[in-house]
Student: 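Below you'll find the structure I mean.
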Amino acid sequence: MSEKTLESLHEAIQTNRAKLRLQVEALCEVITEDLPGYVLKKIRAAFVSDVDFAEARTDIELVALKQKIADFGVALSESVRSHLLGNMEDWWGADISLEAAGKTLNGNDAVWRKLEAIGSDIEKFIVGAGLKPMSVQYKTPAYFIDGKYLPGMIEKYWAQLAALRAVEEELALTEQEARKTRQASRWDAV
């Protein structure tokens with residue numbers, strides 16, 4: 001194998017990772033843009049279902065609670081964005097199985113654990129606000145957000161990850177063949 005072939009495969013990997021990084025950043029943007037509204041919706045449901053708590057609050061207290069919820073939603077959104085973008089290896093690591101590819105991120109354990117934590121963070125806020133505990137399980141939005149459809153974006157992420165894996169496998173095979181060729185030449189030379 002030529003050095004040029006190996007070099008072109010390394011370049012293809014870098015190109016695929018750059019494309020994947022752009023897709024991940026776009027995914028994270030949609031998720032974090034949706035989070036403040038998601039938080040508000042979940043805590044509103046907890047408020048409405050806890051009638052005793054709700055009736056005991058004045059309108060002024062309710063306004064203050066809603067502001068606290070809005071602040072929490074923004075802070076959670078920023079935290080999630082930081083966590084999701086903090087380690088790109090979570091998005092394209094070798095341990096990610098392509099068998100779970102689809103319209104959700106559940107097949108990527110490292111990323112999904114970060115997303116699952118959203119539900120427990122909201123549950124803690126609910127309890128901390130004095131509301132009755134409520135179970136919250138986060139799911140990525142399945143509706144358009146600013147003209148972007150996350151399930152479709154997630155499918156593109158999985159497709160780009162598959163493309164990256166194909167080039168990585170080709171590089172590994174090419175490097176293995178190059179090693180074999182070097183050893184065959186070495187054998188013949190001695």
Side-chain angles (χ1 to χ4, degrees), residues 1-39 41-42 73-123 135-182:
M1 290 293 129
S2 72
E3 282 299 315
K4 190 167 188 148
T5 302
L6 290 173
E7 185 180 318
S8 68
L9 288 172
H10 281 288
E11 287 174 9
I13 287 172
Q14 293 309 314
T15 300
N16 275 290
R17 284 190 178 169
K19 288 179 183 178
L20 198 51
R21 177 181 293 277
L22 290 174
Q23 287 179 319
V24 165
E25 288 171 355
L27 279 170
C28 291
E29 193 64 37
V30 172
I31 289 169
T32 56
E33 190 171 316
D34 182 59
L35 266 178
Y38 180 82
V39 166
K41 181 174 74 173
K42 291 301 179 182
V74 169
L76 181 61
S77 178
E78 290 171 4
S79 171
V80 167
R81 178 179 171 73
S82 174
H83 279 36
L84 290 176
L85 295 176
N87 185 2
M88 280 296 155
E89 189 66 27
D90 288 347
W91 292 94
W92 60 59
D95 60 332
I96 302 168
S97 171
L98 293 175
E99 292 177 18
K103 295 182 182 193
T104 69
L105 294 168
N106 327 31
N108 182 328
D109 291 336
V111 169
W112 192 247
R113 276 192 304 273
K114 291 175 182 177
L115 292 174
E116 274 186 319
I118 292 169
S120 61
D121 288 343
I122 295 171
E123 289 173 1
S135 176
V136 178
Q137 292 184 335
Y138 180 75
K139 292 182 183 178
T140 53
Y143 43 84
F144 284 91
I145 299 169
D146 289 337
K148 297 173 185 157
Y149 186 60
L150 196 59
M153 294 172 76
I154 292 171
E155 283 181 320
K156 287 179 184 176
Y157 155 74
W158 286 111
Q160 188 63 47
L161 182 60
L164 173 62
R165 287 285 167 72
V167 176
E168 288 173 337
E169 288 174 20
E170 184 179 354
L171 175 63
L173 290 173
T174 303
E175 286 176 335
Q176 183 66 20
E177 286 303 313
R179 290 173 65 202
K180 286 180 183 179
T181 300
R182 282 193 300 272

Student: Can Leu115 and Ile31 be said to form a side chain to side chain contact (heavy atoms under 4.5 Å, CB included), step by step?
Tutor: CA-CA 9 Å; Leu115 292 174; Ile31 289 169; 4.2 Å; yes
Student: Would you compute the distance between atom CG of Asp109 and atom CD of Glu116 and round it to the nearest 0.5 angstrom?
Tutor: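 Answer rounded to 0.5 Å: 9.0 Å.
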Student: Does the pair Asn108 and Trp158 meet the rule for a side chain to side chain contact (heavy atoms under 4.5 Å, CB included), with working shown?
Tutor: CA-CA 10 Å; Asn108 182 328; Trp158 286 111; 4.1 Å; yes
Student: Determine, step by step, whether Arg81 and Glu29 satisfy the salt bridge (charged side-chain N to carboxylate O under 4.0 Å, His left out) criterion, reporting the C-alpha distance in whole Å, the side-chain angles of both residues, the deciding distance to 0.1 Å, and the verdict.
Tutor: CA-CA 8 Å; Arg81 178 179 171 73; Glu29 193 64 37; 3.0 Å; yes
Student: Leu164 vs Trp91, test: side chain to side chain contact (heavy atoms under 4.5 Å, CB included). Steps then yes/no.
Tutor: CA-CA 11 Å; Leu164 173 62; Trp91 292 94; over 6 Å; no
Student: For a quick test of reading the model, state the closest non-hydrogen atom pair linking Thr140 to Leu105 and the distance between them.
Tutor: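 The answer is CG2-CD1, 4.5 Å.
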Student: Roughly how far, to the nearest 0.5 Å, is the CH2 atom of Trp92 from the CZ atom of Arg17?
Tutor: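 If I round to the nearest 0.5 Å, the distance is 6.0 Å.
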Student: For side chain to side chain contact (heavy atoms under 4.5 Å, CB included), just list the numbers for Gln23 and Met153, CA-CA rounded to whole Å, side-chain angles, deciding distance to a tenth of an Å, and then say yes or no.
Tutor: CA-CA 7 Å; Gln23 287 179 319; Met153 294 172 76; over 6 Å; no
Student: Distance from Ile154 atom CD1 to Lys103 atom NZ, nearest 0.5 Å?
Tutor: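 The distance works out to 10.5 Å.
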Student: Quick one: does Val136's side chain get under 4.5 Å of Tyr38's, heavy atoms only?
Tutor: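 Contact flag for Val136/Tyr38 side chains = yes.
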Student: Can you tell me if CD on Gln137 sees more than 12 non-hydrogen neighbours from other groups inside 6.0 Å?
Tutor: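 For Gln137, atom CD is not crowded (no more than 12 foreign heavy atoms under 6.0 Å).
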Student: Using modelled atom types only, decide if a donor and an acceptor are shared between the side chain of Thr15 and the backbone of Glu11 within a distance under 3.5 Å.
Tutor: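 Such a contact is found between Thr15 side chain and Glu11 backbone.
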Student: Heavy atoms only: give me the nearest Pro151-Pro141 pair and the separation to one decimal.
Tutor: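 Minimum heavy-atom contact is CD-O, 3.6 Å.
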Student: With a 3.5 Å distance limit and no angle check, can you tell me whether Ser77 reaches the backbone of Thr32 through a side-chain donor-acceptor pair?
Tutor: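 The answer is yes, because a donor-acceptor pair under 3.5 Å joins these two groups.
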Student: With a 4.5 Å cut-off on side-chain heavy atoms, are Ile96 and Arg165 touching?
Tutor: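 When only atoms from C-beta onward are counted, Ile96 and Arg165 do touch, with a gap below 4.5 Å.
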Student: Under 3.5 Å, is there a donor-acceptor pair between the side chain of Lys114 and the main chain of Leu84?
Tutor: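 Checked: no pair found.
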Student: Determine the minimum heavy-atom distance between Ile145 and Val30, stating which atoms define it.
Tutor: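 Closest approach of Ile145 to Val30: CD1-CG1, 3.7 Å.
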Student: Working to the nearest 0.5 angstrom, can you tell me the gap between Glu177 CD and Leu6 CG?
Tutor: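 CG of Leu6 is found 11.5 Å from CD of Glu177.
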Student: At what distance, to the nearest 0.5 angstrom, does CD of Glu155 lie from OH of Tyr149?
Tutor: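 Reported to 0.5 Å precision, the distance equals 8.5 Å.
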Student: Of the non-hydrogen atoms in Leu98 and Ala162, which two are nearest, and what is the gap between them?
Tutor: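 Closest approach of Leu98 to Ala162, heavy atoms only: CD1-CA, 3.7 Å.
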Student: Rounded to the nearest 0.5 Å, what separation is found between the CD1 atom of Ile122 and the OH atom of Tyr138?
Tutor: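 It comes to 9.0 Å.
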